[in-house]
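Reading through the structure tokens given below for one structure.
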Amino acid sequence: EAAYQSLLIRERRKLNRRVAEIHEQLFAERLDAYASLLAHFYEEAGDNDNAIAYLRRVGERAKGMGALTEALESFRHALALAQPADLTTRADLLVQIGSLEVQQGEYDAAAGHLDVGVSLAGEHDDQQVSAQALCELSAIGVNRGDYEEAWQSAQGALVRAREGDD
């Protein structure tokens with residue numbers, strides 16, 4: 001640890017990248033099992049794109065196992081690493097987060113994330129992400145008993161989904 005701390009930041013980044021690459025080679029058949037570790041090494045290497053990709057894998061795997069809190073942590077961490085100008089990544093992560101918050105009954109937080117996700121998706125014409133967010137907003141409306149809002153969101157989702165089929 002002392003030797004690692006004495007390395008220059010540039011050298012630490014190179015070392016972390018190399019460790020990540022070696023893990024990818026050694027465990028190519030089981031990357032999901034090492035996704036969290038790989039995300040850490042890539043983040044330490046300053047490679048946020050690869051860190052985000054592995055954090056998404058961690059989140060998807062956790063979501064698939066019903067570990068919603070772990071999935072949320074992974075997607076939130078990925079969002080924190082995403083570049084502000086990367087609207088595609090940010091929109092998708094916000095919708096993932098919002099969807100998980102809906103499942104946990106955190107409707108206010110979910111609605112906020114989903115609304116921003118719809119807005120960002122609209123800025124880069126991503127109909128699929130926009131439709132997914134609007135479906136989740138529709139579910140929030142139903143759960144809150146606001147059927148007019150649910151209907152409007154569902155209609156918007158349908159329009160976006162049809163536009164996305166072009």
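Not measured: the values here are computed from a predicted model.
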Scanning both residues in full, the closest heavy-atom pair of Ser99 with Leu114 reads N-CD2, 4.2 Å

Criterion salt bridge (Lys or Arg N to Asp or Glu O under 4.0 Å) against Asp32, the qualifying member of Arg56, Arg61, Arg57:
Arg57

Check Ala110 against Ile140 and note the closest heavy-atom contact, atom names and distance.
CB-CD1, 3.9 Å

Which is it for Glu70 and Met65 under the side-chain contact (heavy atoms from CB on, under 4.5 Å) test, yes or no, and what are the steps along the way?
CA-CA 10 Å; Glu70 182 181 334; Met65 295 186 312; 5.6 Å; no

Side-chain heavy atoms under 4.5 angstrom apart, residues restricted to Ile, Leu, Val, Met, Phe, Trp, Tyr: same cluster for Leu68 and Leu93?
yes

Hey, mind stepping through Ile52 and Tyr42 against side-chain contact (heavy atoms from CB on, under 4.5 Å) and telling me if it holds?
CA-CA 9 Å; Ile52 290 168; Tyr42 275 119; over 6 Å; no

Kindly assign one of parallel, tilted or perpendicular to the pair His23 and Tyr34, based on the angle between their ring planes and the thresholds 30° and 60°.
tilted

Do you know the tightest heavy-atom contact between Ala121 and Val129?
CB-CG1, 4.0 Å

Do the charged groups of Glu73 and Arg76 touch, with an N to O distance under 4.0 Å?
no

Give a yes or no answer on whether the side chain of Asn143 reaches the backbone of Ala139 with a donor-acceptor pair at less than 3.5 Å.
yes

Between atom CG of Leu79 and atom OG of Ser74, what is the distance when rounded to the nearest 0.5 Å?
12.5 Å

Ignoring hydrogens and angles, state whether a donor on the side chain of Gln132 or Glu136 is under 3.5 Å from an acceptor on the partner side chain.
no

Following the transitive rule for hydrophobic clusters with a side-chain heavy-atom cut-off under 4.5 Å over Ile, Leu, Val, Met, Phe, Trp and Tyr, establish whether Leu137 and Leu72 coincide in one cluster.
no

List the steps, then state whether side-chain hydrogen bond (donor to acceptor under 3.5 Å, both in side chains) holds for Gln152 with Glu148.
CA-CA 6 Å; Gln152 292 299 322; Glu148 180 61 30; 2.9 Å; yes

In short, ring pair (Phe, Tyr, Trp, His ring centres under 6.0 Å) pairs touching residues 86-136 with sequence neighbours left out are none

Would you name the heavy atoms of Ala71 and Gly59 that are closest together and state the gap between them?
CB-O, 3.4 Å

Answer yes if Phe27 and Val19 sit in the same cluster of Ile, Leu, Val, Met, Phe, Trp and Tyr residues linked by side chain heavy atoms under 4.5 Å apart, and no otherwise.
yes

Checking Glu21 against Arg18 for the salt bridge (charged side-chain N to carboxylate O under 4.0 Å, His left out) test, could you report, in this order, the C-alpha distance in whole Å, the side-chain angles of both residues, the deciding distance, and whether it holds?
CA-CA 5 Å; Glu21 291 168 348; Arg18 187 65 188 130; 3.6 Å; yes

Which pair of non-hydrogen atoms, one from Ala20 and one from Leu38, has the smallest distance, and what is that distance?
O-CD2, 3.3 Å

Looking at CG of Leu94 and CG of Leu87, how far apart are the two atoms once the value is rounded to the nearest 0.5 Å?
10.5 Å

Partner of Tyr54 by side-chain contact (heavy atoms from CB on, under 4.5 Å), out of Glu24, His40, Glu43
Glu24

Any side-chain heavy atom of Gln104 within less than 4.5 Å of one from Thr69?
yes

Could you go step by step and tell me if Glu149 and Arg144 meet the side-chain contact (heavy atoms from CB on, under 4.5 Å) rule?
CA-CA 10 Å; Glu149 180 62 32; Arg144 288 181 168 166; over 6 Å; no

CG of Asp86 to CG of Leu81, rounded to nearest 0.5 Å, is 11.5 Å

Provide the closest heavy-atom pair for Glu44 versus Arg13 in the form atom of the first, atom of the second, distance.
O-CG, 3.4 Å

Indicate whether the side chain of Lys63 and that of Gln103 have a donor and an acceptor atom separated by less than 3.5 Å.
no

Treat each ILVMFWY residue as a node, draw an edge where side-chain heavy atoms are under 4.5 Å apart, and state whether Phe41 and Ile22 are in one component.
yes

Could you state whether Val102 and Val116 fall into the same hydrophobic cluster, counting links through intermediate Ile, Leu, Val, Met, Phe, Trp or Tyr residues with side-chain heavy atoms under 4.5 angstrom apart?
no

Say you draw a straight line from CG of Asp92 to CG of Leu120; how long is it, rounded to the nearest 0.5 Å?
11.0 Å

With a 6.0 Å cut-off (strictly less than), is the heavy-atom count around CD of Gln83, excluding the residue itself, greater than 12?
no

Salt bridge or not between Glu11 and Lys14? Use side-chain N to carboxylate O under 4.0 Å.
yes

